[in-house]
Visitor: 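First the structure, then my questions, so here it is.
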Amino acid sequence: MQKRSNFSNKLGFVLAASGSAVGLGNIWRFPYLAAQYGGGTFLLIYLILAVTFGFSLMIAEIALGRKTGLSAISAFKSLDKRFGFLGVLAAAVPIIIFPYYCVIGGWVIKYFSVFITGGVKAAAEDTYFTGFISGTFEPLGWFFLFIALTALVVVCGVEQGIEKVSKFMMPILVILTIIIAVYGLTLNGAMEGLVYYIKPHMSDVSAKTILAAMGQLFYSMSLAMGIMVTYGSYMKKENNLESSVRQIEIFDTGIAFLAGMMIIPAVFAFSGGDRTALSAGPGLMFITLPKVFASMKLGVFIGVIFFVLVFFAALTSAISLMETIVSFFMDKLHWGRKKSALFVFILALIMGVPSSLGFGPLGFISWMGMSVLDIMDFVSNSVLMPIVAFFTCIFVGFIIKPSVIADEVKATDGRFRAESLFTVMIKWVAPFFLIAILASSIASALGIFKI
Ligand code: PFF
């Protein structure tokens, strides 16, 4: 991690936080959830949550970090001893996410290698993806490679070099995504997909959709896991916190929206209107995009570049996940950096294996129809993160009080435009909402009732 106050200007801060925020969550996870949960309905709920709840929580987390100058593990505790547990709970989230994040990162490298070796036609076949993930050693091998690359960057301390590269890659990723999306829209049947993606149907709104959108919001914006507290601790007082948060949100949401535009209409075009294709889940991007590239002029070339860019977006996010866990062990157990990194590497390696094998040899492990990877994803995003978010709201709303955060936001120019929205959200709306959502999620998990 950088030294405190390392972000010399606001842009540096926004880019670094966006480097953590923009990753597989935007490009891989958002489109498959939107496809699965009613397209426009999911999109609308996501956008509403982003500008109200996501905004408020990100303000709170970054301000907490900047105020205390500490990472999450110590920040909550330093303001109120009773809330030390929240830092530990927040740290548990990346420990669960990181291993399976690297499994997907491995899939990205695999597809890059397929494209570069001319296997596009094969990859566009319906059974290719399933054939690949149901294997044993191949997906494991790519997972090991991805996690080893991440660990190498963290151990060698060359994150800043990677971040520099990724900063100029991000705009290219945006442009390429737009090109692919525009091309996708010209395909036969894509318009129907576009309508599905942007037109909400109120009858589709359910607790499950809201929960999925909320989990995605946390995941995509790196919230409810302490990471933004840590980023905030590196931010200078003279950089405007409120407008930084807006920019990170616009950037993160914009990329997710474009990724959906790139994938969902194409799903319609290639499935010939068969709606079951929409519920492909984690495999959606890997099933759909090869078909798009295979049908496109220069598709192989564009595909190769696309997967390289996604790889870098995934790598910067994986680095920030691993850094968070490494610094947790350094702070808590007073271990050195190398020892912590090695421990996290081995732990994640062991924890990631079942997620990787869950589509093949461990396919018999299933809970509510979910594979091991989906279970990890569900536990972190739909259970732990809402709990962390709930306690963060209680902490800010009733223990330290929203005015403390508001004062921190105002430290730059005396202004906090959305102060009333923030206060109402953090104190009243979000906690009740979170409890309701969490209860329904747990009830459905236990099979008490179907949502
Ligand atoms: N926000 C990242 C994504 O959307 O891919 C995932 C993530 C990265 C979460 C780093 C948390 C984190 F610390």
Side-chain angles (χ1 to χ4, degrees), residues 1-2 14-34 46 50 54 57-58 61-62 65 71-73 87 89-108 146-147 150 153-154 159 162-163 166 169-170 173 177 212-234 245 248-260 282 285 309-328 344 348 373 376-377 379-382 384-385 388-389:
M1 277 273 166
Q2 297 92 336
V14 170
L15 286 176
S18 302
S20 162
V22 176
L24 293 171
N26 308 62
I27 302 156
W28 156 75
R29 201 172 186 276
F30 182 86
Y32 87 71
L33 287 178
Y46 186 85
L57 199 59
M58 195 182 286
E61 290 198 11
I62 296 180
S71 62
I73 313 134
L89 203 60
V93 178
I95 295 179
I96 301 179
I97 293 184
F98 180 57
Y100 83 80
Y101 201 85
C102 293
V103 171
I104 315 290
W107 296 356
V108 172
F146 187 88
I147 199 169
T150 310
V153 173
V154 172
E159 294 87 336
I162 298 291
E163 274 167 19
S166 89
M169 287 203 165
M170 256 204 272
L173 179 63
T177 310
M214 175 118 80
Q216 172 61 15
L217 182 75
F218 295 145
Y219 189 95
S220 185
M221 294 188 181
S222 306
L223 292 173
M225 55 183 108
I227 178 94
M228 284 297 159
V229 180
T230 308
Y231 275 90
S233 71
Y234 300 121
V245 168
I248 300 166
E249 279 207 313
I250 291 173
F251 203 51
D252 190 74
T253 310
I255 295 192
F257 175 74
L258 285 174
M285 165 177 129
L309 296 170
V310 175
F311 166 72
F312 269 91
L315 187 64
T316 47
S317 293
I319 292 166
S320 111
L321 276 165
M322 186 168 175
E323 280 282 2
T324 311
I325 312 170
V326 168
S327 57
F328 174 73
V344 173
L373 191 145
M376 295 289 169
D377 191 84
V379 170
S380 51
N381 295 282
S382 300
L384 277 178
M385 283 165 153
V388 173

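Read the numbers this way: they start at 1 and go in the same order the structure lists the ligands and their atoms. These numbers come from the heavy atoms of this one structure, side chains and all, not from hydrogens, waters or symmetry mates.
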Visitor: Under a heavy-atom criterion of less than 4.0 Å, does Trp28 contact ligand 1?
Guide: no
Visitor: Would you say the rings of Tyr46 and Phe257 are close, in the sense that their centroids are separated by under 6.0 Å?
Guide: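 No: the rings miss the under 6.0 Å criterion.
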Visitor: With heavy-atom distances below 4.0 Å as the criterion, list the atoms of ligand 1 near Leu24.
Guide: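 Reading through ligand 1 atom by atom, the close ones are 5 (O).
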Visitor: What are the atoms of ligand 1, with element, lying closer than 4.0 Å to any heavy atom of Met225?
Guide: 9 (C), 11 (C)
Visitor: Ser382 side chain to Val379 main-chain N or O, any donor-acceptor pair under 3.5 Å?
Guide: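 Looks like no, no N/O pair under 3.5 Å.
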Visitor: Examine distances only and state if a side-chain atom of Asn381 and a backbone atom of Asp377 form a donor-acceptor pair shorter than 3.5 Å.
Guide: yes
Visitor: To the nearest 0.1 Å, how far is atom 5 (O) of ligand 1 from its closest protein heavy atom, and which atom is that?
Guide: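 Result for atom 5 (O) of ligand 1: Tyr101 OH, 2.6 Å.
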Visitor: Quiz question: by atom type and distance under 3.5 Å, do the side chains of Ser71 and Thr230 form a donor-acceptor pair?
Guide: no
Visitor: Would you check if the side chain of Asn26 reaches a backbone N or O of Asp252 as a donor-acceptor pair within less than 3.5 Å?
Guide: yes
Visitor: Using 30° and 60° as the class boundaries, would you call the ring planes of Phe311 and Phe146 parallel, tilted or perpendicular?
Guide: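 Phe311 and Phe146: perpendicular rings.
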Visitor: Under 4.0 Å from a heavy atom of Ile227: give me the atoms of ligand 1 that qualify, with their elements.
Guide: 13 (F)
Visitor: Which atoms of ligand 1 have any heavy atom of Ser320 under 4.0 Å away?
Guide: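 The list of qualifying atoms is 10 (C), 12 (C), 13 (F).
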Visitor: When you measure from the side chain of Ser317 to the backbone of Val22, do you find a donor-acceptor pair of N or O atoms at a distance under 3.5 Å?
Guide: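 Between the backbone of Val22 and the side chain of Ser317 there is a qualifying donor-acceptor contact (under 3.5 Å).
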Visitor: Near Ala21, which atoms of ligand 1 are under 4.0 Å from a heavy atom of that residue?
Guide: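 Near Ala21, meaning under 4.0 Å from one of its heavy atoms, ligand 1 has 1 (N), 2 (C), 3 (C), 4 (O).
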Visitor: Given Ile319, Leu321, Thr324, which has its nearest heavy atom closest to atom 12 (C) of ligand 1?
Guide: Leu321
Visitor: Tell me, please: is Pro94 in heavy-atom contact with ligand 1, that is, under 4.0 Å?
Guide: no
Visitor: Please check whether Gly25 reaches ligand 1 - meaning an N/O of the residue sits under 3.5 Å from an N/O of the ligand, judged on distance alone.
Guide: yes
Visitor: Would you sort out whether Ile97 and Tyr219 count as a side chain to side chain contact (heavy atoms under 4.5 Å, CB included), showing the intermediate values?
Guide: CA-CA 9 Å; Ile97 293 184; Tyr219 189 95; 4.0 Å; yes
Visitor: At under 4.0 Å between heavy atoms, is it the side chain or the backbone of Ser20 that contacts ligand 1, or both, or neither?
Guide: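 Contact part for Ser20 vs ligand 1: both backbone and side chain.
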Visitor: Between Arg29 and ligand 1, which residue portion shows a heavy-atom distance shorter than 4.0 Å: side chain, backbone, both, or neither?
Guide: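 None of Arg29 does.
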Visitor: State the atoms of ligand 1, each with its element, that fall below the 4.0 Å cut-off from a heavy-atom position in Ser220.
Guide: 1 (N), 4 (O)
Visitor: Should you measure from each heavy atom of Asn26, which atoms of ligand 1 turn up under 4.0 Å away?
Guide: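 What qualifies from ligand 1 is 4 (O).
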Visitor: Is Gln216 reaching over with its side chain to a backbone N or O of Arg29, donor-acceptor style, under 3.5 angstrom?
Guide: no
